[in-house]
Amino acid sequence: LTALGDRSWLRIERVPEGNRYRLLAVTRTYVRRRTPEDAARQARYMSCVAAHAARHIACWGQRESMVALCGMGADLGRALDLATEPATAVALGIVLGRVASIRGPVRATLDRLGRVFARMDSGPSSDFVDLLLVRGRLYARDGDPERSRADYQRALEIASQVGDASREAQAASHLADHLRHHGEPALAETHYRRTLAVVADLELRARVTASLAGLVAERAGLAEAGVLYEEALVCARAAGADMLEAMSLQNLGLLVQEEGDLARAETLYREALARHVALGHRRYEAIAYLDLAALALERGGIPEAKSEAETACALATAAGDEREVAVADVLLGVVHACLDDDDAAAMFVRAASLVRPLREPGLEQALQKHEGHLLLMRARREPAAAQARFQAVEQLCNDTGEGDDARLATRILVRALERGRGARDALRVARDGAWFEPPGGPRVDLSTRAQLHGVVAALAAAWLRDPQEEVPAEDLIAAGWREQRSATKAAKHRLHVALATLRKLRLAAHLERGPGGYPLLPALLAARDPSQCRRLALGAARASGRGWAGGTRRRCVDRAPCP
């Protein structure tokens with residue numbers, strides 16, 4: 001290896017857990033042209049890896065083991081295609097299936113596992129149980145709940161038949177996960193508690209305890225769920241399982257968010273996300289970004305929600321996880337409805353086509369809640385019918401639904417309804433300062449009043465950067481009187497007169513002097529012609545003095561130039 005490194009055929013990386021070796025691109029191109037004998041040699045090597053995979057899988061919570069296995073995904077797939085002995089194919093299939101559940105690809109791996117099942121002896125064995133559990137998990141990722149449940153039930157029966165208590169507990173926990181998401185929570189809880197009563201393995205206890213905590217939280221048992229999540233976190237740390245520890249942190253974030261502590265929830269999500277990235281767990285990276293997107297929607301941060309949801313969608317698509325792609329599409333539909341995008345309704349239709357095949361009642365209820373944002377969008381477009389739309393949204397909010405997905409959707413819709421009602425009394429201002437509409441009053445055109453136009457444009461530009469930004473008097477003078485660059489006494493007097501005029505035009509409640517200048521108090525920023533640009537989802541929070549309610553900052557959702 002050292003000689004190959006000296007000849008620049010091999011790159012050697014020094015890392016804390018030992019050396020890593022990687023072939024250079026030109027070397028890889030040469031190696032792919034090997035003879036059949038070399039290909040057979042590689043298959044034998046990967047078979048050896050599979051034979052010792054139990055040791056790797058047993059410590060999958062360790063970062064180096066997981067990263068190493070995920071890096072072998074392509075080689076494992078090729079070795080499986082070349083394997084001639086059924087036992088070797090089964091060993092390779094189990095490892096490859098577990099890697100695919102983390103990194104993908106899902107559909108291609110299911111095809112390979114189908115060929116493995118066709119070649120193996122279907123008699124009861126522990127390996128057969130492992131292969132069924134792996135395939136069941138991949139079916140769940142691929143949006144095929146019926147086949148997933150059938151594999152879990154068959155694995156549970158075979159594990160009981162061969163007397164393998166450990167695998168029987170694993171199969172029972174997987175089946176319970178399925179039942180929880182498909183409308184049978186009572187039966188799922190029975191499986192979880194029976195499993196915890198007999199299992200001693202700390203890693204499995206951590207996973208099952210976290211799942212049970214999620215189920216308990218779904219029926220609003222937040223206090224008990226908090227205790228269970230903490231217990232799962234302790235078990236994961238004691239087992240040295242980094243992956244399960246990251247998952248427990250993320251689940252705890254969901255609970256904290258439901259309790260209303262959004263700041264701590266974001267901290268937990270970010271910590272979990274960093275761990276998922278380090279472990280290379282693509283699916284849970286996507287889920288972490290989805291949690292962050294939902295958190296941003298609850299806060300009213302539409303730009304952040306859009307960015308997080310798009311990242312989650314890309315990761316879930318790369319991993320081949322149909323469920324998380326569906327959830328990402330639903331959240332993107334909410335984002336586009338908040339942006340008054342004409343494509344929002346079509347996006348919800350597409351999201352519904354992805355959600356229905358999953359047959360998850362909680363997710364279907366969440367979709368119905370999220371579709372309430374379309375009613376709010378129509379209320380903004382049709383002020384005369386706004387009250388009726390708001391009442392329809394209120395009816396959606398009254399029933400929180402079952403499961404954490406539905407409850408989260410309800411909270412997001414309630415916040416959006418509050419902001420929508422507040423927006424009716426907000427000042428509307430063109431982003432270029434050409435006009436403004438006082439609450440309940442007619443539009444005031446400033447396009448022919450250059451000085452006032454420039455002052456309002458400077459205030460709007462500052463609001464886009466930061467809704468709490470105060471514009472110094474010198475900057476307002478430079479914007480209104482381009483030839484006047486110095487803050488002379490005469491220039492300050494002109495500004496004073498201009499501001500007094502704007503106050504008379506019903507801007508008095510939105511222009512107050514602060515220590516650093518003049519902020520534009522809560523308002524809606526729009527394009528010169530509202531028909532040419534998507535309306536902006538902005539904070540219409542009530543102001544207390546000069547500050548925003550609750551100290552929350554709201555940013556413009558679209559900073560691109562208007563048409």
Side chain Asp164, main chain Arg167, donor-acceptor under 3.5 Å
yes
Apply the side chain to side chain contact (heavy atoms under 4.5 Å, CB included) test between Leu413 and each candidate in Leu297, Val393, Val334; give the one that qualifies.
Val393
Gap separating the OG atom of Ser126 from the CD1 atom of Ile158, nearest 0.5 angstrom
10.0 Å
Trace of the side-chain contact (heavy atoms from CB on, under 4.5 Å) decision for Val208 with Val199:
CA-CA 10 Å; Val208 176; Val199 70; 5.7 Å; no
Pairwise side-chain contact, Val335 with Leu339, heavy-atom cut-off 4.5 Å (strictly under):
yes
Are any non-hydrogen side-chain atoms of Leu358 and Glu364 less than 4.5 angstrom apart?
no
Close side-chain approach of Glu231 and Val234, heavy atoms under 4.5 Å
no
Roughly how far, to the nearest 0.5 Å, is the CG atom of Leu244 from the CG atom of Leu233?
10.5 Å
Rounded to the nearest 0.5 Å, what separation is found between the OG atom of Ser248 and the CG atom of Leu268?
11.0 Å
What's the separation between atom CZ in Arg275 and atom CG in Leu249, rounded to the nearest 0.5 Å?
5.5 Å
So how far is it from Ile302 CD1 to His336 NE2, rounded to the nearest 0.5 Å?
11.0 Å
Is there a side-chain contact between Val116 and Arg112, using heavy atoms and a 4.5 Å cut-off?
no
Side chains of Asp291 and Gln250, donor plus acceptor under 3.5 Å
yes
Assess the residue pair Asp321 and Arg282 against the criterion (salt bridge (charged side-chain N to carboxylate O under 4.0 Å, His left out)); give the C-alpha distance rounded to whole Å, side-chain angles, the decisive distance to 0.1 Å, and a yes or no.
CA-CA 10 Å; Asp321 195 321; Arg282 187 177 290 157; over 6 Å; no
Apply the test side-chain contact (heavy atoms from CB on, under 4.5 Å) to residues Glu168 and Thr195: give CA-CA distance (whole Å), side-chain angles for both, the deciding distance (0.1 Å), then the verdict.
CA-CA 9 Å; Glu168 186 176 357; Thr195 302; over 6 Å; no
So which heavy atom on Gly93 is nearest to which on Val134, and how close?
O-CG1, 4.4 Å
Got a donor-acceptor contact below 3.5 angstrom from the Ser148 side chain to the Gly136 backbone?
yes
Measure across Ala210 and Asn251 and return the closest heavy-atom pair with its distance rounded to 0.1 Å.
CB-ND2, 3.9 Å
Check whether the side chains of Asp177 and Tyr152 place a donor and an acceptor atom closer than 3.5 Å, and report yes or no.
no
Report yes or no: does Ser160 contribute a side-chain atom to a donor-acceptor pair with the main-chain N or O of Leu156 at less than 3.5 Å?
no
Quick check: are there more than 12 heavy atoms from other residues, nucleotides or ligands sitting under 6.0 Å from CD of Glu13?
yes
Side-chain donor-acceptor pair under 3.5 Å between Arg137 and His174, yes or no?
yes
Between Val355 and Glu360, does the side-chain contact (heavy atoms from CB on, under 4.5 Å) criterion hold? Intermediate values first, please.
CA-CA 8 Å; Val355 168; Glu360 292 189 26; over 6 Å; no
Sub-3.5 Å donor-acceptor pair from the side chain of Ser101 to the main-chain atoms of Arg98, do we have one?
yes
So, do Glu184 and His191 sit near enough that their side-chain heavy atoms are less than 4.5 Å apart?
no
Between Pro124 and Gln161, which heavy-atom pair has the shortest distance, and what is it?
CG-NE2, 3.8 Å
State the CG-CG distance between Leu290 and Leu295, to the nearest 0.5 angstrom.
12.5 Å
With no hydrogens and no angle check, do the side chains of Tyr269 and Gln257 hold a donor and an acceptor under 3.5 Å apart?
yes
Tell me whether Arg205 contacts the main-chain N or O of Leu196 through its side chain, where contact means a donor paired with an acceptor under 3.5 Å.
yes
Please tell me whether Arg207 and Ser173 have a donor and an acceptor in their side chains that are separated by less than 3.5 angstrom.
yes
Crowding at CZ, Arg411 (>12 non-hydrogen neighbours, <6.0 Å):
yes
Check whether any side-chain N or O of Asp341 sits under 3.5 Å from a backbone N or O of Ala344 as a donor-acceptor pair, and report yes or no.
no
Candidate pair Phe128 and Phe117, rule ring pair (Phe, Tyr, Trp, His ring centres under 6.0 Å), full reasoning
CA-CA 9 Å; Phe128 193 42; Phe117 273 98; 5.8 Å; yes
Tell me, yes or no, whether the heavy-atom count around Arg22 atom CZ, taken from other residues, nucleotides or ligands under 6.0 Å, exceeds 12.
no
Within the structure provided, determine whether Asp144 and Glu322 are in side-chain contact (heavy-atom separation under 4.5 Å).
no
Determine the interplanar angle of the His370 and His373 rings, folded into 0 to 90°, and report it as parallel if under 30°, tilted if 30 to 60°, perpendicular if over 60°.
parallel
Would Gln170 and Leu204 count as a side-chain contact (heavy atoms from CB on, under 4.5 Å) here? Give the steps.
CA-CA 7 Å; Gln170 293 179 40; Leu204 183 56; 4.0 Å; yes
Can a salt bridge be assigned to the pair Glu146 and Arg359 using a cut-off of 4.0 Å between side-chain N and carboxylate O?
yes
Minimum heavy-atom distance Ser211-Arg180, with the two atoms named:
O-NH1, 3.5 Å
In short, Pro105 meets Ala108 closest at the heavy-atom pair CG-CB, 4.1 Å
So Leu254 and Glu258, do their side chains get closer than 4.5 Å, heavy atoms only?
no
Name of the residue among Asp329, Asp405, Asp142 meeting salt bridge (charged side-chain N to carboxylate O under 4.0 Å, His left out) with Arg323:
Asp405
Do the side chains of Asp151 and Leu133 get nearer than 4.5 Å, heavy atoms only?
no
